[in-house]
Amino acid sequence: MKEYEIVYVLRPDLTDEERTKKVERIHSLITDNGGQVDKVDDWGKRVLAYEIQHYPEAYYGLTLFQLPPQGVNKMSERLNIDEEILRYQIVATDK
């Protein structure tokens, strides 16, 4: 398995409960594709450098995880159709 990190930007109008469920959904995509979550860091609400879908601010989060390489494409396909995730980026962190 390779090591990755994902930074995600969620809509600011989500309630705390909805935001928690969305983060859990991201983590379940990792585990459902044979990976494991190593570390989760909630960065909180921040002002965006530019508006995304008319939102001037959003919730940021970071998750470090391990996943087989073929699982990243499956995960990306699911994240691309989620309207509550404004942006995300998955980066391999193997040294």
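- Residues T15 and T20 are not in side-chain contact: their nearest non-hydrogen atoms beyond the backbone lie 4.5 Å or more apart.
- Proximity of Q66 to D38: side-chain heavy atoms (C-beta onward) are separated by under 4.5 Å at one or more points.
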- [ ] Could you give me the CA-CA distance, side-chain angles and deciding distance for I52 and R87, then say whether side-chain contact (heavy atoms from CB on, under 4.5 Å) is met?
- [x] CA-CA 9 Å; I52 301 174; R87 295 282 190 275; 3.4 Å; yes

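- L86 and P12 get closest at one heavy-atom pair: CD1-CD, 4.5 Å.
- More than 12 heavy atoms of other residues, nucleotides or ligands shown are found within 6.0 angstrom of CD on Q70.
- When all heavy atoms of P69 and K2 are compared, the pair lying nearest together is CG-CD, 3.8 Å.
- Taking CD1 of I81 as the reference point, atom OG of S76 lies at 12.0 Å (rounded to 0.5 Å).
- Considering CG of D82 and CD of E77, their distance stands at 14.0 Å, rounded to 0.5 Å.
- For E51, the CD atom is densely surrounded, since the number of other residues' heavy atoms within 6.0 Å is greater than 12.
- Counting heavy atoms of neighbouring residues, nucleotides and ligands inside a 6.0 Å radius, atom NZ of K21 does not exceed 12 of them.
- Around the CZ atom of R78, the shell of radius 6.0 Å holds no more than 12 heavy atoms that belong to other residues, nucleotides or ligands.
- Between G34 and M1, the shortest heavy-atom distance links the atoms O-SD, 3.3 Å.
- Atom OG1 of T31 and atom CD of E24 lie 11.0 Å apart (nearest 0.5 Å).
- To the nearest 0.5 Å, the span separating CD on Q36 from CD on E3 amounts to 9.5 Å.
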Task: Step-by-step side chain to side chain donor-acceptor pair (under 3.5 Å) determination, Y60 to D42 - done: CA-CA 7 Å; Y60 281 74; D42 181 16; over 6 Å; no

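- E18 contributes atom CD, which lies 7.5 Å from atom CZ of R11 (distance to the nearest 0.5 angstrom).
- Between Q89 atom CD and L62 atom CG the span is 11.5 Å, to the nearest 0.5 Å.
- No continuous path of ILVMFWY side-chain contacts below 4.5 Å connects Y50 to V47, so the two sit in separate hydrophobic clusters.
- Through direct or relayed side-chain contacts under 4.5 Å between Ile, Leu, Val, Met, Phe, Trp and Tyr, L10 connects to Y4, I6, Y8, L14, V23, I26, L29, I30, V37, V40, Y59, F65, L67, V72, M75, L79, I85, Y88, I90.
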